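Notes for the one structure printed next.
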Number of protein chains: 2
Amino acid sequence: MTAPHPGLRERKKQRTREALLRAALELFVSQGYEQTTVDEIAEAVDVSQRTFFRYFAGKEDAAFAVQAMTESHFVRALRARPADEPPLEALRRAVLESWDTIGDAVEQAVPVELHVRTYQLIESTPALLAVHLRRSAHLEEELARVVADREGLDVASDPRPRIAVAAFCGVMRVTGRLWGTGGDSSIASLRTLTESYLDHVGPALAANWQGRAGAARETTAPALKAAPPTRDTAATTRDTTASARHTAASGAAAPQRRDSHPH
Amino acid sequence: MTAPHPGLRERKKQRTREALLRAALELFVSQGYEQTTVDEIAEAVDVSQRTFFRYFAGKEDAAFAVQAMTESHFVRALRARPADEPPLEALRRAVLESWDTIGDAVEQAVPVELHVRTYQLIESTPALLAVHLRRSAHLEEELARVVADREGLDVASDPRPRIAVAAFCGVMRVTGRLWGTGGDSSIASLRTLTESYLDHVGPALAANWQGRAGAARETTAPALKAAPPTRDTAATTRDTTASARHTAASGAAAPQRRDSHPH
DNA sequence: TGTCAACTGTCAGCGCCTGACATTAGCCTC
DNA sequence: GAGGCTAATGTCAGGCGCTGACAGTTGACA
């Protein structure tokens with residue numbers, strides 16, 4: 001990728017950018033995002049304010065530079081999953097896998113410690129949280145396309161990729177939020193939390209949480225309605241799912257049109 | 001609630017605020033959010049810029065004033081659902097119900113038409129979309145608390161309310177997005193779209209979309225088998241699934257994937 | 001009517017961000 | 001190695017969002 005002889009100019013640019021990024025993040029986490037001025041960042045690297053804006057589209061952009069790396073890292077991991085894995089399985093493994101290898105990718109830019117702190121800052125700073133969520137939504141788009149590709153579906157006409165990814169990402173967000181505000185900020189704990197939360201998706205979507213009788217509708221979770229946290233064999237599970245396939249198929253056969261009410 | 005004699009001063013304030021809000025939204029939708037300056041809004045109502053900031057915390061705040069109404073409208077609807085409804089059922093009905101009655105609530109402030117246009121603007125303006133998503137996340141918090149209350153659970157210790165609400169809201173977001181960018185901007189179409197998408201949640205979370213057998217895996221619904229899923233059990237399940245999938249794929253109209261492993 | 005409190009306008013200023021232009025510094029050719 | 005080309009940087013001016021401070025105005029109430 002990178003040329004063996006980047007040239008002095010290129011190297012200098014790289015160093016400037018890295019220095020700006022690092023200074024920015026360090027100032028952000030040490031004294032808060034809003035309290036940090038672009039002038040301060042620029043001054044810390046001894047460049048003009050104008051130069052900062054030539055490397056980053058804005059203050060925000062600096063705060064999310066590392067996030068951008070990890071996101072594309074995750075997408076690559078998903079793309080690399082074997083094609084015969086079911087969608088949610090592939091998503092799950094891609095995240096977990098990317099947690100494992102994310103350290104190396106990040107460390108080239110900034111210390112992992114700093115990145116983790118930045119993430120916590122993002123979660124706790126309203127202005128940054130908003131941007132973070134928008135970025136996540138954008139990522140969701142991409143994930144939906146990848147999933148649709150994997151399944152050989154058209155993301156425009158079939159809502160299932162979007163919906164599955166939406167549910168998945170929703171859970172991931174809750175996980176990230178809890179991890180960020182929780183005490184243990186190690187990658188290991190993030191991994192554990194992620195796994196356990198993803199394990200809860202099925203039961204949570206089951207209609208009945210308290211052993212209420214006959215409350216389950218096919219609307220909410222047909223494939224999972226046999227999910228009360230009681231004994232269930234693998235065989236039963238498969239049967240239930242098989243009938244669910246039916247529902248899914250008929251659902252897909254009737255793609256929704258938005259103009260059904262032309263007024 | 002409101003006093004019978006609000007007093008001249010109070011009425012004047014109310015009128016100013018309403019005029020500012022309306023002028024703001026109208027300018028936003030007609031010439032874009034970023035292209036509209038606060039000075040313009042203030043000038044349209046013939047007050048000083050400073051006064052605008054005394055009624056709204058910022059430009060954004062004006063853009064989301066009506067959204068705030070509809071959100072609390074929805075939360076109230078959820079709180080009013082009978083306690084014996086399963087969580088996702090209650091959520092579903094509360095949304096649909098609130099679509100039906102939202103017109104009246106909104107019209108007191110601005111024309112519904114203007115509100116719908118504003119929503120579309122929010123979805124298509126990055127800066128506003130970001131804030132919108134943060135607000136939605138905040139709403140999610142509240143919904144999780146309400147659901148937990150309904151189920152008699154503790155939202156801090158039991159992750160299921162959060163997860164269920166997260167999945168639900170994820171789907172709702174996809175719905176809103178499609179509706180906003182779609183052609184038909186009637187409330188009726190929003191209703192229809194919402195219903196059909198919520199109907200797809202279950203099937204979409206089933207692991208098997210293509211007639212592959214053995215769909216439900218520990219990924220999606222692990223608690224289907226009650227005990228903490230030991231890794232060994234999981235592996236067994238996975239193997240079974242893999243082989244079953246193989247046979248099914250060759251039988252059904254299995255969509256061939258284009259790229260197996262690009263790298 | 002006069003006092004008090006609330007609302008509003010004006011002014012100054014900070015911070016983010018951008019366009020325009022001048023200056024510096026790496027790169028390449030002769 | 002000198003000189004020209006081009007990219008990177010600095011400087012300046014200015015728009016826009018937003019805020020604090022102070023002064024003027026207007027409803028409320030005795």
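Letters A, B, ... mirror the listed sequences (proteins, then strands); counts begin at 1. Given the structure is predicted, the values throughout are model-derived calculations rather than measurements. Just the heavy atoms: all of them, side chains too, but no hydrogens, waters or symmetry mates, feed the values below.
A side-chain donor from one of B:E40 and B:Q31 sits under 3.5 Å from a side-chain acceptor of the other. Remark: the A:S48 side chain and the A:T51 side chain contain an N/O donor-acceptor pair separated by less than 3.5 Å.
B:F52 comes within 4.0 angstrom of no nucleic acid atom, judged by non-hydrogen atoms across all strands. When heavy atoms are screened at a 4.0 angstrom cut-off, A:S48 is found touching base atoms of the nucleic acid. Residue contacts for A:F56: at a heavy-atom cut-off of 4.0 Å it reaches no nucleic acid atom on any strand shown.
Rounding to whole angstrom units, CZ of residue A:F53 and P of D:dT11 are separated by 16 Å. In this entry the distance linking CD of A:Q49 with C1' of C:dA20 reads 16 Å, nearest Å. Atom CZ in B:R54 sits about 8 Å away from atom C1' in C:dG9, given to the nearest Å. Atom CD in A:Q14 sits roughly 14 Å away from atom C1' in D:dA8 (whole-Å rounding). Rounded to whole Å, atom C1' of D:dA13 lies 12 Å from atom CZ of A:R50. Across the protein-nucleic acid pair, A:L20 atom CG and D:dG10 atom C1' stand 14 Å apart, rounded to whole Å. Here the P atom of nucleotide D:dT26 and the CD atom of B:E10 are 19 Å apart, to the nearest Å. Whole-Å rounding puts the A:D39 CG to D:dC12 C1' distance at 14 Å.
The pair A:E141-B:R177 counts as a salt bridge, with a side-chain nitrogen and a carboxylate oxygen less than 4.0 angstrom apart.
Heavy-atom distances to DNA chain C give each of B:D46 and A:T37 a nearest nucleotide, and the one nearer the 5′ end belongs to B:D46.
Taking the side chain of B:V38 as heavy atoms from C-beta on, and the options D:dA8, D:dC18, C:dC11, the nearest nucleotide is D:dC18. Candidate nucleotides D:dC18, C:dC7, D:dG10 were compared by shortest atom distance to the side chain of B:R9, and C:dC7 ranks first.
Within 3.5 Å, no donor on the side chain of B:R11 pairs with an acceptor on the base of D:dG27, nor the reverse.
Listed by chain and residue number, B:F28 satisfy the ring pair (Phe, Tyr, Trp, His ring centres under 6.0 Å) test with B:Y33 (two or more places apart in sequence, or in another chain).
For D:dA7, neither phosphate oxygen OP1 nor OP2 lies less than 4.0 angstrom from any side-chain nitrogen or oxygen of A:K13. Applying the 4.0 Å criterion to OP1 and OP2 of D:dA8, one finds that A:Y55 has every side-chain N and O outside that range. In this model, the phosphate group of D:dA8 is not approached by any side-chain N or O of A:K12 to a distance below 4.0 Å at OP1 or OP2. Residue A:T51 places at least one side-chain N or O closer than 4.0 Å to OP1 or OP2 of D:dG10.
Side chain of A:K59 to backbone of A:T36: a donor-acceptor contact under 3.5 angstrom is found.
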